[in-house]
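Starting from 1, each residue takes its place in the sequence as its number. Computed from heavy atoms alone, side chains included, the values below leave out hydrogens, waters and symmetry copies.
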Amino acid sequence: MKTFCILSAFALVGTCATTKYTTKIQNLKDSITIVDSTLVVKYSNTITAKELSKALYIISSDTFEGRKTGEKGQKLATQFLKDYYIKEEIASPFGDSIYYQTIPESFFSNNIKASENVLAYIEGSEKPNELIIISAHLDHLGIENTGEIFNGADDNGSGTTAIMEIAQAFQQAKKDGHGPKRSILFLHLTAEEIGTQGSLYYTQNPIFPLENTIANLNIDMIGRVDNIHKEDKNYIYLIGSDRLSKELHYLSEKVNNTYFNIDLDYRFNAENDENHYYSRSDHYNFALHGIPVIFYFNGEHADYHKTTDTPEKIDYLLLQNRTRLIFATAWQLANQPNRLVVDTKNQLLLN
């Protein structure tokens, strides 16, 4: 009987602790207030399937020869992106016409040639020292020994063009007098396919102090549907959103519930995920520095890392809606009153 009482007491303590934590989470959820909803709808609607398709057919064309790191096609892709940002009057973070962060050949192994990250930047109007990074890798696998080209339409032409459209939407808002309060860096990373080397180089040589980077939204394959979701394609996998900042996780959900109602699938966010997706794309190098991240991903499909990953297989309406979700999430991060808080400093969770 004595043992039973002790166990009962522990059960009661556990119940109270769980209730207390549940209250903390609810308080955190309640603290997140959606900002600028009319503006978010207006500028997210400038992101269209038509424009995404136009850019994606270019970036994944044979002209770019599979965009292998350090090779001719990758150089053409970086020039294409630079020309785009100049045309859209979106600035370089270096304050001039240099949009490249050059990575020397000595940084790579296996005879990989020097390569470049491409960076564009919109400075915040009120809190310019606080930065959101929206990233996607621009490189792919190059040319097969048989001469076939790895076009990489989904991987990662989809993420590349999503950033272009998101940047254009933010720039239009700025031109209309609604620029972001915090700064945004649009970061096209090289060398992801050879081990996330472009993001590693950036985090070792950041253009802006990493302690000022409040979040990284990383996009890698968002234009297709995997086998799990063939019957209901209105989904996107989110990975990492709750690892460092539960505020980021619930902010992301609140944005989605307010505007889009996409099925946010977290199955690959499990810490025991056998695919190890959390550590396989560029966001991971930011997370290692304590920067909260979200990795947006549609899952693997039959054309993953094959020459058959071509632009006519992209679902452009799906790509449009997913891109709008990422834009709206970035808008919230850039314009809400408080800086995003990591869990170890979040008073709503620590009290």
Side-chain angles (χ1 to χ4, degrees), residues 55 59 67 69 74 77-78 81-82 84-85 90 92-93 99-101 103 115-122 130-140 152 154-170 180 182-210 212-223 236-241 243-244 248 252 277-298 322-323 325-327 329-331 333-334 340:
I59 200 74
R67 309 186 304 276
T69 301
Q74 181 256 302
T78 57
L81 290 167
K82 176 182 175 179
Y84 175 82
Y85 287 116
I90 302 172
S92 156
Y99 285 78
Y100 299 158
Q101 180 186 42
I103 305 176
S115 190
E116 303 83 21
N117 293 326
V118 182
L119 303 84
Y121 176 68
I122 296 178
E130 297 181 14
L131 182 76
I132 297 108
I133 295 178
I134 306 175
S135 62
H137 73 90
L138 64 91
D139 64 304
H140 197 48
D154 194 27
D155 186 13
N156 188 29
S158 61
T160 301
T161 53
I163 289 187
M164 294 166 67
E165 280 288 288
I166 290 168
Q168 184 188 60
F170 271 110
R182 294 178 178 85
S183 299
I184 304 176
L185 182 66
F186 306 98
L187 179 57
H188 297 270
L189 294 157
T190 189
E192 189 271 351
E193 297 287 7
I194 58 172
T196 64
Q197 294 294 291
S199 54
L200 177 63
Y201 187 84
Y202 179 87
T203 55
Q204 291 181 356
N205 303 273
I207 306 304
F208 301 99
L210 292 181
N212 292 351
T213 301
I214 69 170
N216 168 229
L217 307 181
N218 184 53
I219 314 166
D220 193 352
M221 298 173 58
I222 61 165
I236 188 72
Y237 293 115
L238 265 62
I239 300 170
S241 62
R243 298 289 183 105
L244 296 170
L248 177 60
S252 164
Y277 288 131
Y278 180 62
S279 59
R280 280 174 53 183
S281 192
D282 289 303
H283 58 279
Y284 188 60
N285 285 319
F286 293 96
L288 289 174
H289 288 270
I291 297 168
V293 303
I294 301 178
F295 171 28
Y296 298 90
F297 178 52
N298 55 216
R322 291 166 172 174
T323 303
L325 168 64
I326 300 165
F327 166 78
T329 304
W331 184 288
L333 289 167
L340 184 75

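Here the CZ atom belonging to R67 is positioned 6.0 Å from the OG1 atom belonging to T160, to the nearest 0.5 angstrom. From F297, atom CZ reaches atom CD1 of I239 across 6.0 Å, with rounding to the nearest 0.5 Å. Here the CD1-CG distance, from I133 to N212, works out to 10.5 Å after rounding to the nearest 0.5 Å. Going from atom CG of L81 over to atom CD1 of I163 covers 9.0 Å, rounded to the nearest 0.5 Å. Taken from OG in S135 to CG in L185, the straight-line distance is 9.0 Å, to the nearest 0.5 Å. In this structure, CG in L333 is found 6.0 Å from CG in L217, a value given to the nearest 0.5 Å.
Annotation: side chain of E193 is not in contact with side chain of N156 (no heavy-atom distance under 4.5 Å). Looking at heavy atoms from C-beta onward, F170 lies in side-chain contact with F186 at the 4.5 angstrom threshold. A heavy-atom distance below 4.5 Å is found between the side chains of M164 and H188. Here the side chains of E116 and Q74 are in contact, with some heavy-atom distance below 4.5 Å. Side-chain contact between Y121 and I207 is absent, with no heavy-atom pair separated by less than 4.5 Å.
Smallest separation of non-hydrogen atoms from A77 and L138: CB-CD1, 4.4 Å. Heavy-atom minimum distance, A167 versus I122: O-CD1, 4.1 Å. Contact record, A162 with I219: CB-CD1, 4.2 Å, taken as the closest heavy-atom pair. Among all heavy-atom pairs drawn from P180 and A334, the shortest one is CB-CB, 4.0 Å. Residues L248 and S241 come closest through the heavy atom pair CB-O, 3.9 Å.
Across T203, L131, I132, a single residue satisfies side chain to side chain contact (heavy atoms under 4.5 Å, CB included) together with T213, and that is L131.
Applying the salt bridge (charged side-chain N to carboxylate O under 4.0 Å, His left out) criterion to E130, with sequence neighbours excluded, gives R182. Applying the side-chain hydrogen bond (donor to acceptor under 3.5 Å, both in side chains) rule to S281 yields the partners N218, D220; only residues at least two apart in sequence or on another chain are considered. Residues satisfying the salt bridge (charged side-chain N to carboxylate O under 4.0 Å, His left out) test with E192, not counting sequence neighbours, are none. Qualifying side-chain hydrogen bond (donor to acceptor under 3.5 Å, both in side chains) partners for T190, counting only residues two or more places apart in sequence or in other chains: S115. Residues satisfying the side-chain hydrogen bond (donor to acceptor under 3.5 Å, both in side chains) criterion with D154, sequence neighbours excluded, are S158, N298, H301.
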Verdict with reasoning, Y100 to V118, per side-chain contact (heavy atoms from CB on, under 4.5 Å): CA-CA 5 Å; Y100 299 158; V118 182; 4.0 Å; yes

Test side-chain contact (heavy atoms from CB on, under 4.5 Å) applied to Y202 and L119, step by step: CA-CA 11 Å; Y202 179 87; L119 303 84; 4.0 Å; yes

Starting from the C-alpha separation in whole Å, work towards a yes-or-no answer on side-chain contact (heavy atoms from CB on, under 4.5 Å) for E165 and F327. CA-CA 9 Å; E165 280 288 288; F327 166 78; over 6 Å; no

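In this structure, H283 contributes its side chain and Y278 its backbone to a donor-acceptor pair below 3.5 Å. No donor-acceptor distance shorter than 3.5 angstrom exists from the side chain of D139 to the backbone of T69, with no hydrogens or angles considered.
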Enumerate donor-acceptor pairs with a distance under 3.5 Å from any side-chain N or O in residues 284-295 to protein atoms, sequence neighbours excluded.
from	atom 1	to	atom 2	distance (Å)
N285	ND2	T196	O	3.1
N285	ND2	T196	OG1	3.4
N285	ND2	S199	OG	2.8

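A cation-pi arrangement is absent between R322 and Y296 under the rule of less than 6.0 angstrom and at most 45 degrees off the ring axis.
With hydrogens and angles left out, the side-chain atoms of Y85 and S92 include no donor and acceptor closer than 3.5 Å.
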